[in-house]
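Every value quoted in this text rests on a predicted model; they were computed, and no experiment measured them.
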There are 2 protein chains.
Amino acid sequence: MDDLKKLQLVFQTLADYNRLGIIRFICEKERSVGEIIKTTKLSQPLVSHHLRVLKENGILETRRKGPFIFYYIKDKKILDAINLFSELFKNSDIKDKTRSKFCSGWISSNYNNKT
Amino acid sequence: MDDLKKLQLVFQTLADYNRLGIIRFICEKERSVGEIIKTTKLSQPLVSHHLRVLKENGILETRRKGPFIFYYIKDKKILDAINLFSELFKNSDIKDKTRSKFCSGWISSNYNNKT
DNA sequence: CATTTATATAAACGTATATTTATATGATAT
DNA sequence: ATATCATATAAATATACGTTTATATAAATG
């Protein structure tokens, strides 16, 4: 697979409203599937499907914690890249940096709750 | 339209192999439709369609020059953003910055050939 | 071991969109 | 004005993929 095809797959992965919503919810700390379902109000199989796509395309990673499976952003640089697009293409008239940032960032203190 | 939807539309616009190819070809200087057809080897209506999508979604802009219509990158920052993803997700083992950059950049000396 | 909770998978369905084929518009030159 | 070149548009087709419905796996608990 050439690099252009890989790039296309990444954009395709991000080109879904629900998946972006999931990423935005996950972006500051890892979340269990149940939390994602509750917050996004999407059906369980649909969330599961989107999470799989996001994982298969290198956006998310998982870790099991008892019966729960937590999803988290694989590489935090991805958030910077998404933020860049978010700031470039926000359609609101008020272009203040704080408001329309896609994700303010990962909370590193939430990253070490190993079981 | 909320910002998340706008972001989704931008990624959707970039989530096509042929469109990415067109952007990469256009990225260093404006190009006429004919040049794009010749280089990408895509059919004329297909190129026209993709150019329209790219323009409608704020990636490209046009300018007429006689019988020709030239397309160019509307905001060069878009290239930086694409480059960021390109470097994050290149699948080649050799991860040298030079090779897998999506676009080395706009050649500003090619930007002022007004008619 | 059986039941419940948490998550994943499979099949079926509908829709959006990339591509093709055919035609139209718009500018230039003879 | 007409023929030609450059580009756009419209309709038709095909396919990819998001969503739903139904079922399966996997872990925990009594």
Got a sec, which residues hit side chain to side chain donor-acceptor pair (under 3.5 Å) with [X], two or more places apart in sequence or on another chain?
X: Glu56(A); answer: Arg52(A)
X: Gln12(A); answer: Gln8(A)
X: Lys55(B); answer: Thr62(B)

**Asked** Mapping Phe70(B) and Leu42(A) to their closest nucleotides on DNA chain D, which lands nearer the 5' end?
**Response**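 Final value for this comparison: Phe70(B).
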
Mind checking what makes side-chain contact (heavy atoms from CB on, under 4.5 Å) contact with [X], not counting sequence neighbours?
X: Phe68(B); answer: Ser32(B), Phe70(B)
X: Arg24(A); answer: Phe102(A), Leu4(B)
X: Ser48(B); answer: Gln44(B)
X: Ser43(B); answer: Pro45(B), Leu46(B)

**Request:** Taking the side chain as every heavy atom from C-beta outward, state whether Ile26(B) and Ile73(B) have any pair of such atoms under 4.5 Å apart.
**Result:**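 Side-chain contact under 4.5 Å: yes.
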
**Prompt:** Would a 4.5 Å heavy-atom cut-off, applied to side chains only, mark Asp80(B) and Leu84(B) as touching?
**Reply:**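 The answer is no, as the side chains (C-beta and beyond) never meet within the 4.5 Å cut-off.
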
**Prompt:** Members other than Val53(B) in its cluster, when Ile, Leu, Val, Met, Phe, Trp, Tyr link by side-chain heavy atoms under 4.5 Å?
**Reply:**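 Members other than Val53(B) - counting any ILVMFWY side chain reachable under 4.5 Å - there are none.
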
Distance, rounded to the nearest Å, where [X] contributes [atom1] and [N] contributes [atom2]:
X: Phe68(A); N: dT5(C); atom1: CZ; atom2: C1'; answer: 8 Å
X: Arg63(A); N: dT7(C); atom1: CZ; atom2: C1'; answer: 16 Å
X: Tyr17(B); N: dT19(C); atom1: OH; atom2: P; answer: 12 Å
X: Leu14(A); N: dG18(D); atom1: CG; atom2: P; answer: 12 Å
X: Arg31(A); N: dT7(C); atom1: CZ; atom2: P; answer: 14 Å

Please list each protein N or O that sits under 3.5 Å from an N or O in nucleotides 14-18 of chain C, with the distance.
from	atom 1	to	atom 2	distance (Å)
dT17(C)	OP1	Gln12(B)	NE2	2.8
dA18(C)	OP1	Arg19(B)	NH2	3.1
dA18(C)	OP2	Arg19(B)	NH1	3.3
dA18(C)	OP2	His49(B)	NE2	3.3

**Message:** Under 4.0 Å from OP1 or OP2 of dA8(C): is there any side-chain N or O of Arg52(A) that close?
**Reply:**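 For dA8(C), OP1/OP2 do not have a side-chain N/O of Arg52(A) under 4.0 Å.
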
**Request:** Respond yes when some side-chain nitrogen or oxygen of Tyr71(B) is under 4.0 Å from OP1 or OP2 of dA6(D), and no when none is.
**Result:**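 No, outside the criterion.
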
**Item:** Stem segments of DNA chain D by first residue number [Watson-Crick or G-U, under 3.5 Å, at least 3]
**Value:**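 Correct response: C:1-30 with D:1-30.
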
**Request:** Could you name each residue pair satisfying disulfide (SG to SG under 2.5 Å) that touches residues 19-68 of chain B, not counting sequence neighbours?
**Result:**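 Residue pairs passing disulfide (SG to SG under 2.5 Å), neighbours aside: Cys27(B)-Cys103(B).
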
Between the protein and nucleotides 23-28 of chain C, which nitrogen or oxygen pairs are less than 3.5 angstrom apart?
none

